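On a predicted model such as this, the values are computed, not experimentally measured, just so you know. Residue numbers count from 1 along this sequence.
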Amino acid sequence: MIGDAISAVGSLGWIDTTLVTGLAAVTAAALSIRAVKDQIKASDSAVQRQIEHGVLVEKNRRDAKRAAARATLPIYLSVICDYAETNGRSLYGLVRQCIDWTLPRNVSLPEFPEIPFEAATALRELVELSDVSERVFLGSLLGEMQVQSSRLRGLTRDRSSGTVVQHNLESYLADSVEIYARASELFDFGRDPNAKIPDGLSENAIGTGLHVMGVWDDEISTRVRRQIVRSSAHKRGQQ
């Protein structure tokens, strides 16, 4: 088409052939640039669609993993509660045997259970799949389990090399009660898709933990409860 136009215009004697050829070249270049721009635009749109599809696939994969982790959560929470109760009952028994705020040398330490590895792993995976607002409570439970495990190993070392004081035993007991309370607060979250993770520990959850572990002594119960409330407030302040 452009060639026909050149031939037609070139037949006019008063128009310079070089000028006509130049105009035709400019027109062809402009059309080429437009075609390239259209191709780039189409390519960009295709790339954007691929990106959006990839984001959607990843979101669906993450949502599916989160739903599965949340559905199995009550199973692991039961294991964690059993772990906390066993430790709590043993620690309370030691506290009750203290004389003048120390544990007598002739009192043997019980064998404390190892931290439930599968439950801790499942909890860690849920933390990774959780929203930022949920991670503090979940992370606090996992962290408390790790802290208590370390402290109980230290208790065995302290027993062999020195004196075990009642204050430390009550702190370890508070760890157990807090672990139990935090785990029990999460059962609704695992069972009900519409449930939310609580902002902090309720008095009822703490009281249930003390009751399950048989902590009936009012003075000991009050001190333990005070430690847990202080610890929970500190964790909320980190949110």
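Judged by distance alone, with hydrogens and angles left aside, the side-chain atoms of R70 form a donor-acceptor pair with the main-chain N or O of D192 at under 3.5 Å. Remark: the backbone N or O of V107 is paired with a side-chain donor or acceptor of R159 at under 3.5 angstrom.
Side-chain contact between L103 and L109: present, with at least one pair of heavy atoms (C-beta onward) separated by less than 4.5 Å. At a threshold of 4.5 Å between non-hydrogen side-chain atoms, the residues Q148 and L91 count as touching.
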Audit row: K196, E134, side chain to side chain contact (heavy atoms under 4.5 Å, CB included) steps and yes/no: CA-CA 9 Å; K196 303 291 185 180; E134 300 171 335; 5.9 Å; no
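Residue S184 comes nearest to A181 through the heavy atom pair OG-O, 2.8 Å, listed as atom of the first residue, atom of the second, then distance. Closest non-hydrogen pair, S108 versus L94, comes out as O-CD2, 4.0 Å.
To the nearest 0.5 Å, atoms CZ (R226) and OG (S221) are separated by 10.5 Å. Annotation: the span from L141 atom CG to Y180 atom OH amounts to 13.0 Å, rounded to 0.5 Å.
In summary, the side chains of R153 and S149 do present a donor paired with an acceptor at a separation below 3.5 Å, with no hydrogens or angles considered. A donor and an acceptor atom, one from each side chain of E178 and S232, are nowhere located under 3.5 Å apart.
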Name every donor-acceptor pair, under 3.5 Å, that has one atom in a side chain of residues 201-218 and the other anywhere in the protein, sequence neighbours excluded.
residue: S202; atom: OG; partner: E185; partner atom: OE2; Å: 2.9
residue: S202; atom: OG; partner: A205; partner atom: N; Å: 3.1
residue: E203; atom: OE1; partner: R225; partner atom: NH1; Å: 2.9
residue: T208; atom: OG1; partner: N204; partner atom: O; Å: 2.9
residue: D217; atom: OD1; partner: E219; partner atom: N; Å: 3.0
residue: D217; atom: OD1; partner: I220; partner atom: N; Å: 2.9
residue: D217; atom: OD2; partner: R96; partner atom: NH1; Å: 3.4

Hey, can you pull the donor-acceptor pairs under 3.5 Å for the side chains in residues 162-174, sequence neighbours left out?
residue: Q166; atom: NE2; partner: E170; partner atom: OE2; Å: 2.8
residue: E170; atom: OE1; partner: R223; partner atom: NE; Å: 2.9
residue: E170; atom: OE2; partner: R223; partner atom: NE; Å: 3.4
residue: E170; atom: OE2; partner: R223; partner atom: NH2; Å: 2.7
residue: S171; atom: OG; partner: H167; partner atom: O; Å: 3.1
residue: S171; atom: OG; partner: Q227; partner atom: OE1; Å: 3.0

Solution key, residues 71-80 side-chain donor-acceptor pairs under 3.5 Å, sequence neighbours excluded:
residue: T72; atom: OG1; partner: A68; partner atom: O; Å: 3.1
residue: T72; atom: OG1; partner: A69; partner atom: O; Å: 3.2
residue: S78; atom: OG; partner: P74; partner atom: O; Å: 3.1

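L129 and F137 sit in two unconnected hydrophobic clusters of ILVMFWY residues. Membership requires side-chain heavy atoms under 4.5 Å apart, directly or through other members. Following chains of ILVMFWY side-chain contacts shorter than 4.5 Å, one can reach L138 starting from F187, so the two form part of one hydrophobic cluster.
Of the candidates I179, I115, T121, L123, L142 forms a side-chain contact (heavy atoms from CB on, under 4.5 Å) with just one, namely L123.
Annotation: ring pair (Phe, Tyr, Trp, His ring centres under 6.0 Å) contacts involving residues 92-127, sequence neighbours excluded, are absent. Contacts classified as salt bridge (Lys or Arg N to Asp or Glu O under 4.0 Å) and involving residues 108-124 (residues at least two apart or in different chains) are given here: R124-E128.
Salt-bridge annotation for E144 and R151: absent, with no side-chain N of the basic residue lying under 4.0 Å from a carboxylate O of the acidic one.
Residues meeting the salt bridge (charged side-chain N to carboxylate O under 4.0 Å, His left out) test with E125, sequence neighbours left out: none.
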